[in-house]
Amino acid sequence: MISNKEKYTQLIKAESKRLGFLSCGISKAGFLEEDAPRLENWLQNNHQGQMSYMENNFDKRLNPTLLVDDSKSVISLLLNYFPSEEQNKDSYKISKYAYGQDYHFVIKEKLKELLNVIQTEIGEVSGRAFVDSAPVLDKAWAAKSGLGWIGKNSNLITQKVGSFYFIAELIIDLELEYDHAITDHCGTCTACIDSCPTDAIVSPYVVDGSKCISYFTIELKDNLPYEMKGKFDDWIFGCDVCQDVCPWNRFSKPHEEPLFTPNLELLSFTKKDWEEITEDVFKKVFKNSAIKRTKIEGLKRNIDFLK
């Protein structure tokens, strides 16, 4: 006879598929023992740069039971964002994840709906949804629940689909059936390490965030460091190099999420268009985009640095 745990787990996985998620894995909520020393070393080496929020809530970051009362399960979900079309070749580059609408809002809506279905079908279940918005080690939880392995570029990688996807979590106070981690399939490949324009991957599986082009173009609020001049490879918002060169990403397939469809104007932008962008064009093209985070001043700073 099928147990309630099994029935609820099947329901959650079926609903996540209906909502358009690529895959769903579930882990028992608890202390991430293996990740504690890794996170501690990373912070001690100042790999967070000016991302001081990474230093906050150390205990909560490693233990969701401190984040969500009575939490029993961490449901990890992947949402594909690999585009069917790429930017104009004569253009400054932005990360593929920013082509469409801001993923925070798109995924939050899906997670709200998933939690609503769980509460409607199962009964009183409490939980919280997370999309990059709180101290949750999303890649660690996704790996723990068998959705992929954390690669040498510190991204989650999945054999059949690569790594161009978002990771989100629903942490709930319901016991479910739990998945298991899979093995690492990076092997002897060092494509990501060899290709990083700023040598941010300081050793296999360790990325110095303070050297990453994504950090410089999005997180850093100060002037860009002169010693990085000439190393940005035309990136002005984020960077996809370590994913573009990863052999597993040859299996990436275009997403089917309408809200991630890029603004056609964005795809056709030339370098000249970027350099002459006005406040009005910025607001129109990036109305609901993650690029709004840098504001037009940040974008112009990044463009000027490349000239």
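The model shown is predicted, which means the values in this text are computed figures rather than measured ones. Count residues from 1 along the sequence.
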**Request:** Consider only side-chain heavy atoms of I, L, V, M, F, W and Y, link residues closer than 4.5 Å, and tell whether Trp141 and Tyr205 are in one cluster.
**Result:** no
**Item:** SB check Glu219 Arg293 (cutoff 4.0 Å)
**Value:** yes
**Message:** Taking the side chain as everything from C-beta on, heavy atoms only, tell me whether Ile213 gets closer than 4.5 Å to Pro197.
**Reply:** yes
**Message:** More than 12 heavy atoms of other residues, nucleotides or ligands under 6.0 Å from CD of Glu86: yes or no?
**Reply:** yes
**Prompt:** Taking it one step at a time, do Asp273 and Tyr92 satisfy side-chain hydrogen bond (donor to acceptor under 3.5 Å, both in side chains)?
**Reply:** CA-CA 10 Å; Asp273 293 325; Tyr92 292 118; over 6 Å; no
**Asked** Does NZ belonging to Lys60 count more than 12 external heavy atoms closer than 6.0 Å?
**Response** no
**Message:** Could you check whether Lys271 pairs with Asp234 (Lys NZ or Arg NE/NH1/NH2 to Asp/Glu carboxylate O, under 4.0 Å)?
**Reply:** yes
**Prompt:** For the ring pair Phe232 and Phe216, is the centre-to-centre distance below 6.0 Å?
**Reply:** yes
**Asked** If you round to the nearest 0.5 Å, how far is CD of Glu279 from CD of Glu297?
**Response** 6.5 Å
**Asked** CD of Glu256: more than 12 outside heavy atoms within 6.0 angstrom?
**Response** no
**Request:** Could you tell me whether the side chain of His185 reaches within less than 4.5 Å of the side chain of Ile157, counting heavy atoms only?
**Result:** no
**Asked** So, are Lys110 and Glu113 salt-bridged, with charged N and O less than 4.0 Å apart?
**Response** no
**Message:** Membership question, hydrophobic clusters at under 4.5 Å side-chain separation (ILVMFWY): are Leu111 and Ile171 in the same one?
**Reply:** yes
**Asked** Can you find a pair of side-chain heavy atoms, one from Ser76 and one from Asp138, that are under 4.5 Å apart?
**Response** no
**Message:** Can you confirm whether more than 12 heavy atoms, excluding those of Lys221, are under 6.0 Å from its NZ atom?
**Reply:** yes
**Request:** Answer yes or no: is there an ion pair linking Lys13 with Asp179, defined by an N-O contact shorter than 4.0 Å?
**Result:** yes
**Message:** Within the structure provided, determine whether Lys72 and Ile172 are in side-chain contact (heavy-atom separation under 4.5 Å).
**Reply:** no
**Prompt:** Is the charged tip of Lys96 near the ring of Tyr81: under 6.0 Å from the six-membered ring centre and within 45° of its axis?
**Reply:** no
**Message:** Do the side chains of Arg38 and Asp35 get close enough for a salt bridge, i.e. N-O under 4.0 angstrom?
**Reply:** yes
**Item:** Shortest non-hydrogen contact between Asn80 and Phe82, atoms and distance
**Value:** OD1-N, 2.9 Å
**Request:** To the nearest 0.5 Å, tell me how far Ile107 CD1 sits from Phe166 CZ.
**Result:** 5.5 Å
**Asked** Do you know which two heavy atoms are closest between Leu176 and Ser73, and how far apart they sit?
**Response** N-OG, 3.5 Å
Quick one: side chains of residues 280-287, donor-acceptor pairs under 3.5 Å with protein atoms, not counting sequence neighbours, listed by atom name and distance.
{"from": "Lys284", "atom 1": "NZ", "to": "Glu265", "atom 2": "OE1", "distance (Å)": "2.9"}

**Item:** Under the salt bridge (Lys or Arg N to Asp or Glu O under 4.0 Å) test, residues paired with Lys272 that sit two or more places apart
**Value:** Glu276
**Asked** Do the non-hydrogen side-chain atoms of Trp235 and Val241 ever get within less than 4.5 Å of each other?
**Response** yes
**Prompt:** Any idea which heavy atoms bring Cys242 and Ile201 closest together, and the distance?
**Reply:** CB-CD1, 4.2 Å
